[in-house]
Amino acid sequence: MRIRALIVAGFAAMSLAPENLESQQRSERWEVAAAVLPLPDSMRAGARVLIFRGPDLIEVRPGTNEMVCLGDDPAHKGFQASCYHRSLEPFMAKGRELRAAGITKREAVDSARLADVKSGRIVMPSSAILSSVFAESDSFDALAGPPGKHTALDVIYLPFATQESSGITEQPAVDRPWLMFAGKPWAHVMLSR
């Protein structure tokens with residue numbers, strides 16, 4: 001009888017643990033720690049942090065350095081956090097604005113952004129970085145660092161760069177840098193790590 005009571009108590013505790021872990025994970029402290037994971041340690045404390053609250057993205061911490069970090073969107077499966085140089089904010093904000101308005105096809109988003117670049121409403125920096133961390137699950141302790149199984153990607157924006165102008169191949173690769181969207185204002189070098 002005592003063993004049965006211990007087993008029942010153990011199952012009860014196990015069934016409560018994920019809820020407790022989930023509420024702990026999605027605390028604002030966890031969200032901020034998770035959002036800045038793509039950055040080097042030295043840049044994390046000063047980054048501006050934007051967190052999803054439902055469909056809205058709100059600032060939970062103003063920045064003191066040049067980086068902006070977007071926390072994981074709990075509405076999407078898996079985990080993704082991204083940080084980018086503040087000079088990319090108009091370009092990134094335009095993409096978020098378009099998607100919020102229901103414009104999700106890449107061609108339509110690219111067309112609207114291109115019109116804004118051509119008109120001068122968006123000024124692309126001469127170079128800037130975006131770094132992301134991806135994982136299959138958000139069940140990890142962000143305060144202790146990235147999840148054990150994760151992938152990371154660094155993207156260096158080089159507007160209008162081509163293979164000819166940069167010497168960087170346009171052929172997609174996982175073992176070396178490559179240039180995506182060559183010739184476009186949002187041309188960038190992909191660096192997997």
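Put simply, the side chain of L50 reaches to within 4.5 Å of the side chain of V68, judged on heavy atoms. At a threshold of 4.5 Å between non-hydrogen side-chain atoms, the residues L130 and C83 do not count as touching. Counting only heavy atoms from C-beta outward, the side chains of F79 and S137 never approach each other to under 4.5 Å. The side-chain heavy atoms of F181 and F160, taken from C-beta on, include no pair separated by under 4.5 Å. Looking at heavy atoms from C-beta onward, T169 lies in side-chain contact with Q163 at the 4.5 angstrom threshold. The shortest distance between side-chain heavy atoms of L37 and R44 falls below 4.5 Å. The side-chain heavy atoms of E59 and V49, taken from C-beta on, include no pair separated by under 4.5 Å. Using a 4.5 Å heavy-atom cutoff, the side chains of R113 and R121 are not in contact.
L98 approaches A112 most closely through the heavy-atom pair CD1-CB, 3.6 Å. When all heavy atoms are compared, the tightest approach of P38 to V133 is CA-CG2, 3.7 Å. Here the shortest heavy-atom pairing between L158 and S127 reads CD2-CB, 3.9 Å.
Separation of atoms CG (L57) and CZ (F52) is listed at 4.5 Å; rounding is to 0.5 Å. A distance of 5.0 Å separates CD1 in I129 from CD1 in I156, rounded to the nearest 0.5 Å. To the nearest 0.5 Å, atom CD of residue E164 and atom CG of residue L179 are 9.5 Å apart. Note: E170 CD to M180 CE = 12.0 Å, rounded to the nearest 0.5 Å. Between the CZ atom of R96 and the CG atom of L70 there is a distance of 5.5 Å, given to the nearest 0.5 Å.
Note on ring orientation: taking the six-membered ring where Trp is involved, the planes of H188 and Y157 are tilted (angle from 30° to 60°).
The pair R48-E66 fails the salt-bridge criterion, with no side-chain N (NZ, NE, NH1 or NH2) lying under 4.0 Å from an Asp/Glu carboxylate O.
With hydrogens and angles ignored, the 3.5 Å screen pairs a side-chain donor or acceptor of S119 with a backbone N or O of A115. Side-chain atoms of W178 do not come within 3.5 Å of backbone N or O of M190 as any donor-acceptor pair. Of the possible polar contacts, none joining the S165 side chain to the A161 backbone as a donor-acceptor pair under 3.5 Å is found. Side chain of W186 to backbone of L114: no donor-acceptor contact under 3.5 angstrom is found.
For A47, the side chain to side chain contact (heavy atoms under 4.5 Å, CB included) test picks out V36, L39, R61, N65, M67, C69, with sequence neighbours left out.
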Exercise. Could you walk me through whether E89 and S87 pass the side-chain hydrogen bond (donor to acceptor under 3.5 Å, both in side chains) check?
Worked result: CA-CA 6 Å; E89 179 59 19; S87 62; over 6 Å; no
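Not less than 6.0 angstrom separates the ring centroid of F91 from the ring centroid of Y84.
Other residues, nucleotides and ligands contribute only 12 or fewer heavy atoms inside 6.0 Å of the CZ atom of R106.
Just one of V109, V117, D116 meets the side-chain contact (heavy atoms from CB on, under 4.5 Å) condition when paired with K94; it is D116.
When hydrophobic residues (I, L, V, M, F, W, Y) are linked wherever their side-chain heavy atoms come within less than 4.5 Å, L143 remains an isolated member.
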